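Heads up, the thing below is written out as C-alpha cells.
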Amino acid sequence: MAPFFVFSAVVLPVEGQDASSSETPGSSAISGAASDPLIPVPIAAGPGSPRILRLPHGGSPIVALRLFVPLDEAASEAGGGWIIARLAELRIAEASRRLGAAVSVRRTPEGISYAVAGPRTDFDYLAYILRLAAAEPDASLVTDVRRELEGALDGLLETGPGQVELELRLRTGTGPPVAGTPGSIPRLSAAAVLGLWSRTHRPERATLLVSGGVERPLLLASLTEIGALDGVAPVRPGGPPPTEPPAPDLQLIRRFTGRAWSGLRATDPAAPVLARLAAEALRTAPGDFEARVLLWDAGSGPVLAATGVAFPARFEALAGALDGLLSAAAELARGDAFTRAVAEVRREWLLGLGDPLGRLQIVGSAIEGDDGLDAARRRMDALDALTPARVLEAIDGLRGTAARVTVR
Amino acid sequence: MTPPATHRWRSAALLCALVAIASRGGAVSAQTTTGYDGYRLDHVDSSAVLVATTLAVPSGSADDPLGLEGLTHAVAEAHRIALERIPGVLSVDAGVLRSRVSWTVLSTPSAADAVLRSLTAVDIMLDGLPTAIEEARRRLAFTATTPAVDVDTEAAGLFGGFGSPWSRPIRGTSETVADVDAEAARERWSDLLGRRAALVRVGPPDAGLDPASMSTAPRPEVPRAQEAEPAAPALAWTTPDRLRVTRDVTNVWIVAAFPIPSDLDRTTRDHLLHRIEEILNPVPGAPGTIGAGAEVARVPTGDVLVVRVTALPFGAARWEDRISSLPTDITPPFDPEFFRWERRRFRAHLLLRDARAGERALRIAHDLLETGAVRVLEEDAWELAPDDLSNAAERLGPPRILVFGPDIGAGG
C-alpha cells in the first residue's frame, strides 16, 4: 500500500475526460444467463468457518480467492486496520512473487480484504498465501509500519490540500478515517494492533469469495482454519476519542478550501454519477483556480467533496464555484451531461470486471455494503435504470449538509 | 463486390466449423472457428464477463508509402477513435508496430456484434481520421525533441538498417502526417484488409456470433490479393554490432537486440522472455536503474529479442555488460527445485495474462498470424524441460547494442 492510501478516494479529474461511449442507460446488460457472473452462490461450511461464496468461473484455469474481514475500530484504534493490512501486504510479497500470483490487500471503511489469484493447479499455494495474509501480525514490525503511516500523514498535513481533506473527513465521517488521525496513530502500540487483529480476524466473521474450479472439500480443508483460531476474542476498547493536536501552521501563498456533502446512500448509483457531473461543472466554471472532486466512503455512505486552491485575489471565485456546485451539477443533470456521466460510471464498473481479482473486488465490496448476494447485479441494474430525476433528488438531499473548511 | 479471397481461410459454409477443446483436464475453453465476411473468426468461450474482439494484420508502419510515414499509425488511431464511439464499447487498444497493426476492442456482449461489423468497415475508420491526424500532429509537436524518439530512431536503424523503410518512425513526422488525407487512408485501409488477418473474439459462451449479422456485414471495398508468407531466415543477423550515440541528456538508454532462431518454439521463446524480464527487474531493484524490460520484435530479417534499459549514467557500463552476457548467464538449473518454481511462475504469468479477455484475444490473434494454430498455454507450460531455457538462450544470435546518452568517460 502506498502512503496515498491515507486519503484513498475516487478522484475525478476536472480536466476534460472523454466519455467515449455515451451509451444510453439500460443497454449494457452483461448477462442474462442462468449463472450470473455477478451473483455468487453460498457453499455449505461448518460452524466456526468463514461464510463461503462461489462465483461462476466458466472452467477458467485461474482460481481467485478473496477473504473479507469486517473491522470495527474503536476511536483509539484508528489506523490499526491500516497497519494490519500493510503488514499483511509485506508478509505475502515474497510468497506471491515466488509463484507469480496476483495479490491485493485493501483497507476499506468496512474492513480488510485479502485477495489472491493464480493457476488452479497451484491452489494449495494460493490458499497458503491467503492464510499467510490473514495471519497474526508480527509484533516486532508494528512500530516500523506505524512510522510509515505517521510519516505519510505528517506529509499530508504539511500541505494545504492535506489539511483541508483531513478536516473534511473528520467532520463528515461516522468514525475516524481508516488511516487514523494525528491523535490516534502515535498511541497504536503493538499490543493494540494485535488486539484489534485478534478481535476481528475470527474465521466465523469472515467471508470467502471464490472464483475457480476448486472442489468443496479441498476448499474447506485449506481455508476454514484461517485467522485467529484460539482463545477468546479481546473486548473492544472503550473510552473517548484521542485528543487531536492542532494542525501545523503553514506558510502559504495561496488559499485552500473545501466542501463536503453527506447523506448519499452507499448503494445509490446517483452518487458516482453526481460526482462526475460536479467535476464537469467545476471544469467549466469561470475563474482562475484549481479544483477537484472526490467521492469517498465515510462508513455511513459516500461523501461528495470538492477542494480547491486559488491566490487570494481569485479566492472568491473559487469559493463561489464550490458553494454553487450542487446547483451547477443539477443543471448538468438535466442535459446531455447526464448520459455521458452514466456511461463513464458504467464503463469504469465494467472494466473493473475484466480480470479475476477485479471481479471479486467489485462483487465482494457490493455485498459488504449491501448484504445481499445479488448486490453487484442490483447496483449495475440500478445504474442502467438511473434517471435525471433521481440524481436531482439526491442533490436535494445533500443541500444544507455542507461542511466547509478553509486554510489560509 | 468481389468476396475476399484467401487467406483469411474463407470457408464455403459460413457457419460451419470445428470445435476444438482448447484445454484438457476439464478446463473449458472451447474454440469455435467460423467464417465472417471472408475472415476466419475464432471465437473462444471463456469465463470473461466482457467480450474482447481483436483484428490483427501482419503489416505495419514499415509498409507506409514514402513521404507518408505515419499513415498506418493515423489509420489505426482513426479507427480506434471511431470504434470508441460505438455504444457498449468500453475500451479500444490500437497497436501499431513496424510489422503489424492490431485493434482490440473490449465491449459488453450486447455490443459485440456491432463491434465485429465495425472492425472491418472503412467508413467507420474515416469518421475518426480528422481527430486522429490532429492528435498525431499535436503529439509530434510535443515529442519531436524528446530523447526517447531519438533512441527509437537510432535503435531501429541499428536493427533494421539505416535508410530501410522498416526503420522509419512509426508515427511519422509533422510534415508527413500533414500530408495524410482521406484518400491515402482509404488506400492504406484497403491494403491492410487485403492481407491475411486474424479476427478473434473471446467472451462468454452466450456472446456468440449473431447469424443475422453475417448477411448485413459490409465488405471491404477492394478484393484482397494472395500473399505468400516469406520464409524467415535462421537468424536476423550473425555478427554483433555496437552503436554509441553521445548526447547531453540526463539518462542513458541501452537497447539491445538478440536474433531469435526462427525454429524456436513460441512458448519456449516466451519463457526465455519472461526469465530475462525477471533478471532485468530484480527485487530489490538494481541501483541507478530507471526502467528495464524486454519484448520480441520482428525486423526485416527475422525475430529478435529486444532488451531496453534506462539507467543513470553511473550504472550504464555495468548494465551493458549484464545485457551482453544475458544468454550465457542463463545456465541449466543446478537445483531442480529452482526450475520447478521458475516454471510455475512462468505458467502463472501466462495464465493470469490470458485471464483478461483483451490480452487473450490479442495473444490468440498473434498465435494465428505466426503459426496458424492457437496454443494451449496451460499444457504447453508443463511441457517445458529444465534445459530448454538455457538451450534457447544459447541459441540466441550475437547482439546489436545501442548505447545512447552522455559521454561518461571510460567504458562509455
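Nothing here was measured: the structure is a model prediction, and the numbers come from that model. Letters go in sequence order (proteins before strands), and every chain restarts at 1.
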Return the OG1 to CZ distance between A:T121 and B:R347, rounded to the nearest 0.5 Å. 3.0 Å
Answer key: most heavy-atom pairs under 4.5 Å with chain B among A:L99, A:D355, A:L357 is A:L99
What part of B:V283 is in contact with chain A, defined as an atom under 4.5 angstrom from a non-hydrogen atom: side chain, backbone, both or neither? side chain
Go through B:E342, B:H349, B:E278, B:R356 and name the one with the most non-hydrogen pairs under 4.5 angstrom from chain A. B:R356
Is A:E215 atom CD crowded by more than 12 heavy atoms from other residues, nucleotides or ligands, each under 6.0 Å away? no
Might you confirm whether atom CZ of B:R139 has over 12 heavy atoms from other residues, nucleotides or ligands at distances under 6.0 Å? no
At a 4.5 Å cut-off on heavy atoms, which part of A:A101 comes close to chain B: side chain, backbone, both, or neither? backbone
When you look at CG of A:D336, are more than 12 heavy atoms from neighbouring residues, nucleotides or ligands closer to it than 6.0 Å? no
Is B:L351 in contact with chain A via its backbone, its side chain, both, or neither, using a 4.5 Å heavy-atom distance? both
Heavy-atom distance under 4.5 Å between the side chains of B:T108 and A:R346, does that happen here? no
Indicate the atoms forming the closest heavy-atom contact of B:A355 with A:P356, along with that distance. CB-CG, 3.7 Å
Shortest non-hydrogen pair, B:R345 vs A:R98, comes out as CG-O, 2.8 Å
A:L351 side, atom CG; B:L50 side, atom CG - distance, nearest 0.5 Å: 7.0 Å
Closest heavy-atom pair, A:R347 versus B:L90, reported as atoms and distance to 0.1 Å, is NE-O, 2.5 Å
Contact part of A:I62 toward chain B, heavy-atom cut-off under 4.5 Å: side chain, backbone, both or neither? side chain
Heavy-atom count check: over 12 atoms from other residues, nucleotides or ligands less than 6.0 Å from B:R137 CZ? no
